[in-house]
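Atoms within a ligand are numbered from 1 in the order they appear, just like the ligands themselves. Since we're looking at a predicted model, the values are computed, not measured.
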Amino acid sequence: MLRIAPTFSVATPATLDEALALLARHRGEAALVAGGTDFVPNLKHGLHAPRIVIGLGGIAALRGIEFGPTEVSLGALVGIHELATHPEVAALLPSLSQAAGQIAGPQLRRMGTLGGNVCLDTRCVYINQSESWRSALGYCLKKDGDTCHVTVTGKKCVAAASNDSAPVLISLGAQVDLVGPNGLRSLPLEEFYVNDGARNTVLAEDEILTRVRVPRPGATRRMAFEKLRLRGAIDFPLLNLALAYDLDSAGVLSRPELVVGAIAARPRRVRPLPEGLLDAALVDAIAQKAFDAVRPLTNINADVDWRREMVPVLVRRAFAASRSSPEVS
Ligand SMILES: Cc1cc2nc3c(=O)[nH]c(=O)nc-3n(C[C@H](O)[C@H](O)[C@H](O)COP(=O)(O)OP(=O)(O)OC[C@H]3O[C@@H](n4cnc5c(N)ncnc54)[C@H](O)[C@@H]3O)c2cc1C
Ligand code: SF4
């Protein structure tokens, strides 16, 4: 008999405490699921074999977007479609809205959640395959094997962080709230990710991501998100990039942030970046810095030289988009 997924039981807790108790009781054998748009394909590919799947969808505490005086607090269960179409998010955090609107396709955006996107597993052309495909190649370091087909001699998985929200949220200085048996811990999203594609977050197996908190940007903050993908209607990023900076009334740029994703196990912050009068020369200098910093690998099925050449192109597009977007207020 053909089985397309392992056998497991399903729990649907109504509160965070219930979910945490289930995680503690089934330590090492449980998996969390929100929208399931990445978890289910991975399950079918045999990348996980949990004994119990804990659905987070019924936990009200994980819902809602709250606009506070100093920050915007986004529940882990906020839908990608909701994020992409929320008028206040678009006005205050346009790059986040732009990124959400380019995640997957319309159906997946209605199923997928922000928490699932932030916690998304890394991707690689050698791992997001069926079990028989992977076994024919002798598996790889990330699961069941001892070789990385990308680096060949490397001892660490370099599968790519492919979540479109991650570079944007890092560029905006977001913090994540993680709740576990010892209570709440908050950390900058940049520190949530580590450079190992086998498991690229510091989320412990008994923790749940509850909220993402983004500082309210000042009125002079400009931002944009750009993405390279094969089909504009659905695909994962071959490269993504988030830009944010302050622009004063004299046209002087300061506090620039540029974060590039889909190249390595965690998004890369390009720094230091030059500041000064925002003219073509400054944009060229920042584009060149990004080009120098980014070296795509063969972890994604697209030409590495083309992806690298597209880095400065995306930087220029991001500057153009950020200058035409309305000032935040
Ligand atoms: C065809 C296709 C195209 C796609 N294109 C894109 C794309 O362009 N860009 C992109 O970013 N993504 C893309 N995705 C991936 C996915 O649809 C999105 O990333 C989505 O936002 C994932 O959210 P989810 O709620 O469905 O996550 P799930 O699949 O439910 O979960 C994903 C992971 O996060 C964990 N998780 C979920 N919520 C929590 C939580 N609160 N705390 C701790 N762990 C949690 C799960 O255990 C799982 O490991 C695509 C998927 C498909 C199938
Ligand atoms: S980067 Fe290497 S170890 Fe990681 S999934 Fe790809 S082939 Fe496997």
Side-chain angles (χ1 to χ4, degrees), residues 16 19 23 30-43 47-48 50 53-57 59 61-62 75-81 83 99-105 107-129 134 137-152 154-168 176-180 192 196-201 203-212 227 229-238 240 261-262 264-265 297-300:
L16 207 46
L23 277 180
L32 299 173
V33 65
T37 59
D38 194 63
F39 178 78
V40 174
N42 289 347
L43 201 64
L47 299 181
H48 318 291
V53 172
I54 303 171
L56 298 174
I59 304 177
L62 301 182
L77 284 179
V78 167
I80 300 297
H81 174 74
L83 206 51
Q102 294 178 63
I103 289 173
Q107 295 94 333
L108 291 158
R109 287 198 289 274
R110 279 170 175 77
M111 292 288 294
T113 65
L114 176 64
N117 194 262
V118 168
C119 298
L120 192 73
D121 201 357
T122 55
R123 294 183 64 78
C124 172
V125 67
Y126 296 101
I127 196 80
N128 297 101
Q129 305 287 354
R134 289 182 289 116
L137 209 63
Y139 301 104
C140 75
L141 265 183
K142 179 159 175 169
K143 190 168 190 306
D144 301 327
D146 55 10
T147 308
C148 173
H149 304 298
V150 174
T151 58
V152 187
K155 293 284 166 252
K156 218 182 234 184
C157 170
V158 292
S162 302
N163 35 4
D164 286 309
S165 69
V168 175
V176 281
D177 289 350
L178 312 177
V179 173
F192 181 67
D196 185 349
R199 188 169 166 80
N200 79 330
T201 74
L203 186 79
E205 59 185 8
D206 53 4
E207 284 183 316
I208 297 174
L209 168 74
T210 54
R211 302 201 80 80
V212 178
K227 172 171 175 175
R229 55 178 166 173
L230 289 179
R231 298 167 297 180
I234 189 161
D235 283 318
F236 276 98
L238 302 175
N240 57 20
L297 301 166
T298 56
N299 48 10
I300 291 179

Donor-acceptor pair, distance only, cut-off 3.5 Å: does the side chain of Thr37 make one with the backbone of Leu108? no
Could you tell me which residues satisfy side-chain contact (heavy atoms from CB on, under 4.5 Å) with Ala61, sequence neighbours excluded, listed by chain and number? Ile59
Flag for Ser165-Asn117: side-chain donor and acceptor within less than 3.5 Å: yes
Which residues and atoms, counting only protein N, O or S, are under 2.8 Å from atom 2 (Fe) of ligand 2? Cys148 SG
Within the structure provided, determine whether Asn163 and Asn240 are in side-chain contact (heavy-atom separation under 4.5 Å). no
Kindly compute the distance separating CZ (Phe236) from CD1 (Ile300), expressed to the nearest 0.5 Å. 10.0 Å
Could you list each nitrogen or oxygen of ligand 1 that sits under 3.5 Å from a protein nitrogen or oxygen, with the atom names and the distance?
| from | atom 1 | to | atom 2 | distance (Å) |
| --- | --- | --- | --- | --- |
| ligand 1 | 5 (N) | Ala104 | N | 3.4 |
| ligand 1 | 8 (O) | Ala104 | N | 3.0 |
| ligand 1 | 8 (O) | Asp164 | OD2 | 3.4 |
| ligand 1 | 8 (O) | Lys227 | NZ | 2.7 |
| ligand 1 | 8 (O) | Asp235 | O | 2.9 |
| ligand 1 | 9 (N) | Asp164 | OD2 | 2.7 |
| ligand 1 | 11 (O) | Asn117 | ND2 | 2.8 |
| ligand 1 | 11 (O) | Ser162 | O | 3.4 |
| ligand 1 | 11 (O) | Asp164 | N | 3.0 |
| ligand 1 | 17 (O) | Thr37 | OG1 | 2.7 |
| ligand 1 | 19 (O) | Asn117 | ND2 | 2.8 |
| ligand 1 | 21 (O) | Thr113 | O | 3.3 |
| ligand 1 | 21 (O) | Asn117 | ND2 | 3.4 |
| ligand 1 | 23 (O) | Thr113 | N | 3.3 |
| ligand 1 | 23 (O) | Thr113 | O | 3.4 |
| ligand 1 | 25 (O) | Gly35 | N | 2.8 |
| ligand 1 | 25 (O) | Thr113 | N | 2.9 |
| ligand 1 | 25 (O) | Thr113 | OG1 | 2.7 |
| ligand 1 | 26 (O) | Gly36 | N | 3.2 |
| ligand 1 | 26 (O) | Thr37 | N | 2.9 |
| ligand 1 | 26 (O) | Thr37 | OG1 | 2.5 |
| ligand 1 | 29 (O) | Thr37 | N | 3.3 |
| ligand 1 | 29 (O) | Asp38 | N | 2.9 |
| ligand 1 | 29 (O) | Phe39 | N | 2.7 |
| ligand 1 | 30 (O) | Ala34 | N | 2.8 |
| ligand 1 | 30 (O) | Gly35 | N | 3.2 |
| ligand 1 | 30 (O) | Gly36 | N | 2.7 |
| ligand 1 | 41 (N) | Leu209 | O | 2.9 |
| ligand 1 | 42 (N) | Leu209 | N | 2.9 |
| ligand 1 | 47 (O) | Leu32 | O | 2.5 |

For residues Asn42 and Asn128, determine if any side-chain heavy atom of one lies less than 4.5 Å from a side-chain heavy atom of the other. yes
Do any N or O atoms from the side chain of Lys227 and from the backbone of Gln102 form a donor-acceptor pair under 3.5 angstrom? yes
Would a 4.5 Å heavy-atom cut-off, applied to side chains only, mark Gln129 and Val125 as touching? yes
For Val33, which residues count as a side-chain contact (heavy atoms from CB on, under 4.5 Å) partner, sequence neighbours excluded? Phe39, Val53
